[in-house]
Amino acid sequence: MSVFYQILFRSALRHMDAETVHHLSFTALRAAAAVPGAAPVMHRFLGPREPELTVHAFGREFPGPLGLAAGFDKNGESPQGLAALGFGFVEIGTVTAHPQPGNPAPRLFRLVEDRAILNRMGFNNEGSALVAERLHHMEGSRPLLGVNIGKTKVTPEEEAPADYALSAHRLAEYADYMVVNVSSPNTPGLRDLQSVERLRPLLRSVREALAESGHADLPLLVKIAPDLADEDVDAVADLALSENLAGVIATNTTISREGLEAEAETVAELGPGGVSGAPLKERSLEVLRRLRERAGERLTLVAVGGIETADDAWDRIRAGATLVQGYTGLIYGGPLWPRRLHRGLAALVRSAGYRSVGDAVGADVDSTARRPADPVH
């Protein structure tokens, strides 16, 4: 299937509009998952099943550390179908308080030479009220679900806390954890909310909304950009600790165009947007390491950005990530990619002598990190 997908991608998919391919593939997945009994069967064969992969985070037990990052299922249309591909959890969104169409198309592009994607989607989604209604009526077994919320484009910056709070109030009961996204480059002014003086009141507003909805203990995270200066990464870590956040997701897409294999003129013609995939690998790992060094085990870190292989995921885990996420890896790797990565990761855990992937978290950063026990046979 992997070879077939690569042939299909090279011969057909790469020549089609990227957003059109996304809609077609997601429609096909939703249709397959809607067949009675199909999703459980798919998950039985593709889901993480090695005992070494079980992860405990946010008071939950995750069957595997690899999840699907926000952006693929913006409206919570088929978390079960996506989990059935083998992801240990699914993060939906970004969802805004009010429906919005996003930026004009075309707005999603492949940089095949770089195994990357450039997007300027602009938080296109149906709004938190409709997404909450859909999740309320979702049938069948629900996967572990993260809900990623953002600011409505037309909402003024001074009203951003209330905007986020409205989505948090509507969606809290359906989430296993919630993410405040202040790091997309495609909503004007959004990244300014990463500054401590703007982020603190926003987070407190979301906290109040969660408490009012009866979900004061829901794990709350913030997602940050790779383009933050190192001292700003430290500041976000300190703020997350002071505001008792559950963790940080590192990182979102980058506005940098440095080091791309694609011709600069070609990339410039595509226009603005954030780049995801392989070019993000090094900086995302740097940010992750810095967060771990700053916060230690006091924050749960979720790594995303440039994760393509089991070795990439293993590097993130040893650098301090409890969970990892992918999106672009799925686009280039195909539907069996989550299963391949989880299987490879389990082999790396065993070969390193750890009994659980959780035992390796932070091993390359923490001076007091647990080392492998006796080899596991």
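By the neighbour-count criterion of 12 heavy atoms within 6.0 Å, atom CD of Glu158 is densely surrounded, having more than that number from other residues, nucleotides or ligands. Applying the 6.0 Å contact sphere to CD of Glu113 captures more than 12 heavy atoms from other residues, nucleotides or ligands. Annotation: Glu265, atom CD; neighbour count of heavy atoms from other residues, nucleotides and ligands within 6.0 Å does not exceed 12. The environment of Glu258 atom CD is sparse: at most 12 non-hydrogen atoms of other residues, nucleotides or ligands sit within 6.0 angstrom. Other residues, nucleotides and ligands contribute at most 12 non-hydrogen atoms within 6.0 Å of the CD atom of Glu139. Crowding of Asp230 atom CG: a count of heavy atoms from other residues, nucleotides or ligands under 6.0 Å exceeding 12. Within 6.0 Å of NE2 on His23 lie more than 12 heavy atoms contributed by other residues, nucleotides or ligands.
Remark: Arg298 pairs with no residue by the side chain to side chain donor-acceptor pair (under 3.5 Å) rule, at least two apart or across chains.
When side chains are defined from C-beta on, Leu144 counts as touching Pro63, because their heavy atoms get closer than 4.5 Å. Under the 4.5 Å side-chain criterion, counting only non-hydrogen atoms from C-beta, Tyr5 is in contact with Pro335. Using a 4.5 Å cut-off on side-chain heavy atoms (C-beta onward), Val304 and Asn252 make no contact.
Ring orientation note: the planes of His22 and Tyr327 are close to parallel, at an angle under 30° on the 30°/60° scale.
Among all heavy-atom pairs drawn from Gly306 and Lys281, the shortest one is O-CE, 2.9 Å. When all heavy atoms of Arg257 and Gly271 are compared, the closest pair comes out as NH2-O, 3.7 Å.
The cationic atom of Arg350 (NZ for Lys, CZ for Arg) does not lie both less than 6.0 Å from the six-membered ring centre of Tyr354 and within 45° of the ring axis.
In this structure, CG in Leu66 is found 4.5 Å from NE2 in His342, a value given to the nearest 0.5 Å. To the nearest 0.5 Å, atom CZ of residue Phe72 and atom OG of residue Ser25 are 4.5 Å apart.
Every pair tested for side chain to side chain donor-acceptor pair (under 3.5 Å) that includes a residue from residues 63-79 fails, sequence neighbours excluded, so the list is empty.
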